[in-house]
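Reviewing the structure listed below.
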Amino acid sequence: MARNEKEEAIHIGFREALALILPYLQKKIWNQFKSVIWIVLYLSVFQLLVLRIPIKEAGIITIGICAVILGLTFFLEGLFLGLMPLGEALGLKLPQKLGMFSIMIFSVLLGMGATLAEPAIAILKACGSKVAPWDAPLLYYLLNGGSDTLYFSIAIGVGISVVIGMFRFLYGFSLSKILVPSILLLLAVSIYAYFDENLQHISGLAWDSGAVTTGPVTVPLVVALGIGISKVSEKNEQSSAYGVVTLASLFPILAVFLVGIYFSNKVPKPMTEMEFFKQGIHSEQSNFLLGNKANQFQRQKTVNQSQSKQSTTAKEFPTKVANAFRLALRAILPLSIFLILFLYFILKEKIAYPEEVQLGIVFSILGLTIFNFGIMFGLNQLGDQVGGKLPSTFRSIELTDSIKFIKNFNPKSVYTAVNEEGKEEKFFYLKERKLYSGIPYHEENWNPTNKVYEYIPIHGPIFGKEDNLLGYVIVLAFAFVLGYSATLAEPALSALGNAVEETTVGTFRKSLLIQSVAIGVGFGTLTGILKIVLEIPLIWILVPIYIFLLILNTVSKSEFIEIAWDSAGVTTGPITVPLIIAMGLGIGNQLGTVDGFGILACASAFPILSVLIMGIIVENSRKLSLNDSESKTK
Amino acid sequence: MKRKTSRITTIVHRDLTESVVTTLKNQGVLYYQIEPGRYPVLAKRGLWFFDFYQNHAIIDMPVSIIEIICEESAENFLISMIRDAAELNIPGHGSVYSESIDLISANHHFYIHTSQEIKKPIGFTGLTGIFCVLPRGSAEPIARLVLQNGIAVPTISYGTGTGLRDRLGLLRITIPKEKEILKLIVHSSDIEHVLDFMIEVGRLDLPGRGFIFEFPVGHGLLNTKVSLEGPKQAASMDQIISALDQLYGNMEWRKKSNQFRISLRHRNYFEGVNLVLNCKEESMEFVTSALRKVGVTSSTISLKRMAHTGNSESIFTPAREVANLLIPKKNLPEVIEVLNELEFFDEKFEGIAYTMEIPRAFSYQSKKSNKK
């Protein structure tokens, strides 16, 4: 037996190292491949076979999707090696070494830091440019001029919920005690907002931002911290480490509502576009709402849509990669430095495997870079392409991304045709390859100065006439499968699934959790689309659902309640959000709805339902193991 | 410093944890270790939600594994208390058994439970336990075969392993450290065959697959519910079995030896002691690396809670790490010396250590593989 420490280190040659690394890599990549491939296959097949539109830039999208898979592999491995052990070590040592007050301050800082690092939040801002200031002034303000206030209030919301979560672990009271009052409060605020012209439009944003906050950086960290704290707390007999994620997605909703109420008097009431530009708002409000952008507005209207939807060129590659890297660095590095400094200097503790944690942090930054890049070029592109064209199942749409410029167009070649109602319509013939096709002629697309006619191809409706029922049904079915398969790939859910499987020693399988959450998200997305199509106010969906959930809570076991509510917060992350928002906006634009928000809120309410129901089924079989023989003997 | 005591292990369905804990509280037991685990049960036939996704006929029940250290004289009393609290005579509720251990640390007298009440021994004798460490996910196929053969109801818990892995440097991340610990209690006459059968099914004769050992058990009451299949007769098979067990007062009649294929291969079993170290979480790493100096290279670590029932403040941190180290008996004094040097039993680690005899253990051994 080896007695000397020097003899113990095994020297490993390059070959043996490779023999260890390759199967390991293969296994990890294969796992991610399995989770992502369904959504990719689904989107491509749907676009090619149902919408029958070829995929633009298929090469770049393929590279992007490979990047998503590779990025996810590294990112998740990095989380398990780096951030999660750090979080858990902190959770273990905090209550042993520091007092209540310090724990509170640490929790606020951690919650805020993690939220500001969350990649999915930036997507909210991206939607801001699509809101018109006259339709919903408050919403416009919060997403544009006041977006920093919005982020900050969301971060404070998360910070406070982390504090409450930690309190819960230290004093061991049940989740329902916080959940029930806060849900009721939120519903009350939403109902109040529904009757206010301005606030009405931000309730979608508020509920969605709650769903967005809890992503792949916050969730593993907060859950790990919770696991640590609940282990050392004396009061917590049946140690369960969940519930913080739920709170972290409830309190930001309240925070956004509060900010909205604060600003609602400073912005004008919603009005028509005509009123807005004539006499609707006084200069003070205008300054506040638009800042120095007031003049740009009229000009912006004339700018054609086609310019905003430029396709990516090879030249943008390096800048986009640098951008992705910067985002990743900003998300991971400050947070991990904060954690490490805290652990070393304030708690004066060592980490068991420091080099493993370092490697983990490097992995997460690398992984997040590749992942961001892949999302930008792969999934986002594919999602946009499908989402924008989805309404073509029930309505004819303009394919703005395949505009053709006809040079030297001669207006004399325009003919006049008569439609069914006897009205005259202009058209011309276009020869493409060997086919002649009739194209409707629109005056505004003709530019007489450079003699170019912009031809926007029109597609659909694929299934029957305009606004046919089958088309809508297909969109709803699409929404369900999109929500379902995107959830399977969500990294935060995967991290939560691992934590749940670990803490329940395998009695609650990761696969079971992910499947039931995915089904819930599928139904949620479907409902969200239904909301946009039928223009149902969000509270008509949320109030009954949440009240039903509170009733279900009373018959469920606390173990399942915590996991169910947590998994709901986790579902909407960097894969689901862009895809679902792209689809919502695509349909919303076609139907002319004010804002596309609210789908995410639905997509994170339904998983609670599905997991709770699954919990009741599991619980029944567990009871069976205790009871069926008991009833015979008694 | 050594002291003979008993360790009582209770494995109950999680819904019954509370009643057991309240009983312990009422009986004045100050400290107990608690750890979550699961026990697999064969599912009912039919299209269950679970079968659909997981493609197997096993349902996992959550259990709590509670361990108490007590005086040998208090053993019978505690076992009967626990049996009454959890109604362990009903199949599916759980098991309880005792083991004889040598407590090394003399510092924590109050950790050992004593009782004046004397009860006559209950439960069966002539039992042997099997402790088997496997890579994560490998316990299930073994558990299924064990259940299908009606040998016993195994208990599975999670742990992490150290060993070869820790000497690899950063490359260690390529070898998963997560392990599954499978424990089952069988009748001593079956042990030879069950061991052999598990080694074969778990491929434990290959490197890096884990290890297995048997440990002697004093008294025990065992869970007999192997299946969720509802009873078709007035009494279920489980009930008949447990009634017969009680009638005979032992499990000899259930001897299964002839059902197993007798392996022709000779296995090189080794013997030693199982050194159990219990300390604050996050500090076991330090201890095991120090023990490497005296040749202890591999250990299995699981996370437990040191729960405290008294009103006063507990002197132990609840989050604990428990390591099982298998060492040759002659090395024991050397190891204890290192532990003392580390001040393992002092405040820094809040350590508790005890040993138990291991008559037979098996793992992949590169040196002796050619001996016959």
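Here the structure is a predicted model, which is why all the values come from computation and not from measurement.
At a 4.5 Å heavy-atom cutoff, the contact between Ile156(B) and chain A is made by backbone atoms alone. Residue contact with chain B, scored on non-hydrogen atoms closer than 4.5 Å, involves the backbone and the side chain of Glu501(A) alike. Interface remark: Leu81(A) contributes side-chain atoms only to the contact with chain B (heavy atom separation under 4.5 Å). With a threshold of 4.5 angstrom between heavy atoms, Phe286(B) does not approach chain A through any atom at all. Contact of Lys28(A) with chain B is not made at all, since no heavy-atom distance falls under 4.5 Å. Heavy-atom distances place the side chain of Leu92(A), and not its backbone, under 4.5 Å from chain B.
The ring pair (Phe, Tyr, Trp, His ring centres under 6.0 Å) check on Phe523(A) picks up Phe480(A), with sequence neighbours excluded. Partners of Tyr158(B) by ring pair (Phe, Tyr, Trp, His ring centres under 6.0 Å), not counting sequence neighbours: none found.
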Check: Stepwise, does the side chain to side chain contact (heavy atoms under 4.5 Å, CB included) test hold for Glu88(A) with Glu281(B)?
Finding: CA-CA 11 Å; Glu88(A) 201 171 330; Glu281(B) 196 173 331; 3.9 Å; yes
Next item on the list: Apply salt bridge (charged side-chain N to carboxylate O under 4.0 Å, His left out) to the pair Lys231(A) and Glu35(B), showing each step before the final yes or no.
Entry: CA-CA 11 Å; Lys231(A) 269 182 189 165; Glu35(B) 181 193 17; over 6 Å; no
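By the 4.0 Å N-to-carboxylate-O rule, Glu502(A) lies close enough to Arg136(B) to be salt-bridged with it.
Between chain A and the options Ser283(B), Gly137(B), Pro62(B), Gly94(B), the largest number of non-hydrogen pairs under 4.5 Å is found for Pro62(B). Highest contact tally toward chain A, considering only Ala307(B), Pro40(B), Gly37(B), is held by Gly37(B) [criterion: heavy-atom pairs under 4.5 Å].
To the nearest 0.5 Å, atoms CG (Leu303(B)) and OG1 (Thr503(A)) are separated by 11.5 Å. Note that the CG atom of Asn498(A) and the CD atom of Glu178(B) stand 9.0 Å from one another [nearest 0.5 Å].
A donor-acceptor pair is defined here as one N or O able to donate and one able to accept, closer than 3.5 Å; no such pair exists between the side chain of Arg38(B) and the backbone of Thr507(A).
Counting non-hydrogen atoms of neighbouring residues, nucleotides and ligands closer than 6.0 angstrom, the NZ atom of Lys27(A) reaches no more than 12 such neighbours.
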